[in-house]
There are 2 protein chains.
Amino acid sequence: MSNNQFRKGELYSFITGKASTAIARRLQKKFNTAELNVTIEQWSVLYHLWKQDGISQQELCNATFRDKPSITRLVDNLEKLQLVKRVSSDADRRMNLIFLTRQAQKLQEQSMGLAEETLNEALEGVPPERIEICKEVLQIVYDNLK
Amino acid sequence: MSNNQFRKGELYSFITGKASTAIARRLQKKFNTAELNVTIEQWSVLYHLWKQDGISQQELCNATFRDKPSITRLVDNLEKLQLVKRVSSDADRRMNLIFLTRQAQKLQEQSMGLAEETLNEALEGVPPERIEICKEVLQIVYDNLK
DNA sequence: GACATATAGTTGTTTGTGCAACTATCCAAA
DNA sequence: TTTGGATAGTTGCACAAACAACTATATGTC
């Protein structure tokens, strides 16, 4: 099946993800202003650890849609910031389980508040049902390609 | 105005732009397979030059939503690949005008074909009117934040 | 004309990404 | 029990992004 209605017009924006870039930049600025000393990418790892602590780097790869070297380095930097620690698994010594530190737990509430605030600014003036459709389309795109 | 219906749920995907990441990776793979020796970021600069040749680096910043140092380095690399050349403007000697080479002109048709193909794969199964809504929402998000 | 200010572009530094090649460990089949 | 393949993670390299500090040129005002 072909979507030929989707022609040259806005091809560019779809591919380059200008909207998500804009969201990420705005959120990063809020983090900087609030002196939360983390990057958006680091935060995206913490986000999944807040949902479930002590998962492996491989699970973080799947959750964040990043490859293994990217996660290795993000965890490196999060460890330098003393926000997580690697604990090698007893059950399978190839694996590192990644645990949040107390410091990282303290970040959760404030950073999630700023994320929500950013999304509210981003979606200002967009009716809820259109947001819903947009989310669904983006999910299908992701499923089609992942 | 607040969009409180937009809660924790899919906050993550919106911010991280998993869909556009997936599209960009797929397109990059097609470029590599076809031995088009360019990155998606370089291609995004060429894309605007194909629309209008001989524009300044500042205009490329605006068009591609990148800062000046990013464009400086992308143009550096495109120049190394002999796909563009910098010509300093007679009218304003601060400016470089960026011109496509013959080689870059040859890339246009094939790369645009691969981009369209990628979008068709991405949007497979999504009805046209939903694509339209999604594009509109992303445009509003961009306008709200840029 | 001289000077202050704005604009165009470059460079250095830190961080992140994608790919390939590598090590270490696990597991299953001979 | 050995061995061969799969899986988890790391390292090296090239490319890109964000920010700050910098140079060079243009322009408006006195």
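Naming convention: chains lettered A, B, ... in sequence-line order (proteins, then strands); numbering from 1 in each chain. Reckoned from all heavy atoms, side chains included, excluding hydrogens, waters and symmetry mates.
Here B:Thr39 reaches the OP1 or OP2 of D:dA16: one of its side-chain N or O atoms lies under 4.0 Å away. A close approach under 4.0 Å does not occur between any side-chain nitrogen or oxygen of A:Asn96 and OP1 or OP2 of D:dA8. Applying the 4.0 Å criterion to OP1 and OP2 of D:dG9, one finds that A:Gln57 has every side-chain N and O outside that range.
Listed by chain and number, the residues in a salt bridge (charged side-chain N to carboxylate O under 4.0 Å, His left out) with B:Arg26 are B:Glu121 (sequence neighbours excluded). Legend: residues meeting salt bridge (charged side-chain N to carboxylate O under 4.0 Å, His left out) with B:Lys146, ordered by chain and number and at least two apart, are B:Asp143. For A:Asp53, there are no side chain to side chain donor-acceptor pair (under 3.5 Å) partners two or more places apart in sequence or in a different chain. Residues passing the salt bridge (charged side-chain N to carboxylate O under 4.0 Å, His left out) test with A:Arg94 are A:Asp92, sequence neighbours excluded. Taking B:Glu79 as the reference, B:Arg86 meet the side chain to side chain donor-acceptor pair (under 3.5 Å) condition, with sequence neighbours excluded.
For the helix from C:dG1-D:dC30 to C:dA30-D:dT1, the terminal axes (five pairs an end, C1' atoms, rotation from four pairs onto the next four) enclose an angle of 10°, given to 10 degrees.
Residue pairs meeting the ring pair (Phe, Tyr, Trp, His ring centres under 6.0 Å) criterion with at least one member in residues 68-96 of chain B: none, sequence neighbours excluded. For residues 101-146 of chain A, the pairs satisfying ring pair (Phe, Tyr, Trp, His ring centres under 6.0 Å) are A:Phe65-A:Tyr142, with sequence neighbours left out. Applying the salt bridge (Lys or Arg N to Asp or Glu O under 4.0 Å) test to every pair with at least one member in residues 97-113 of chain B, sequence neighbours left out, gives no pairs at all.
Separating the CD1 atom of B:Ile98 from the C1' atom of C:dT10 is a distance of 13 Å, rounded to the nearest angstrom. Taking atom NZ on B:Lys80 and atom P on D:dA14, their separation rounds to 11 Å, with Å as the unit. The separation between B:Asp76 atom CG and D:dA14 atom C1' is 14 Å, rounded to whole Å.
Here the straight-line distance linking atom CD1 of B:Ile71 with atom CG of B:Asn96 works out to 12.0 Å at 0.5 Å rounding.
Applying the 4.5 Å side-chain rule to ILVMFWY residues, one finds A:Val87, A:Leu97 in the same cluster as A:Phe99.
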Shorter than 3.5 Å, N or O on both sides, protein versus nucleotides 17-20 of chain D: list them out with atom names.
unit_1: D:dA17; atom_1: OP1; unit_2: B:Arg66; atom_2: NE; d: 2.7
unit_1: D:dA17; atom_1: OP1; unit_2: B:Arg66; atom_2: NH2; d: 3.1
unit_1: D:dA17; atom_1: OP2; unit_2: B:Arg66; atom_2: NE; d: 3.4
unit_1: D:dA18; atom_1: OP1; unit_2: A:Arg25; atom_2: NE; d: 2.9
unit_1: D:dA18; atom_1: OP2; unit_2: A:Arg25; atom_2: NH2; d: 3.4
unit_1: D:dA18; atom_1: N6; unit_2: B:Arg73; atom_2: NH1; d: 3.4

Could you write out each protein N or O paired with an N or O of nucleotides 22-27 of chain D at a distance under 3.5 Å?
unit_1: D:dT25; atom_1: O2; unit_2: B:Arg94; atom_2: NH1; d: 3.4
unit_1: D:dA26; atom_1: OP1; unit_2: B:Arg93; atom_2: N; d: 2.9
unit_1: D:dA26; atom_1: O4'; unit_2: B:Arg94; atom_2: NE; d: 3.4

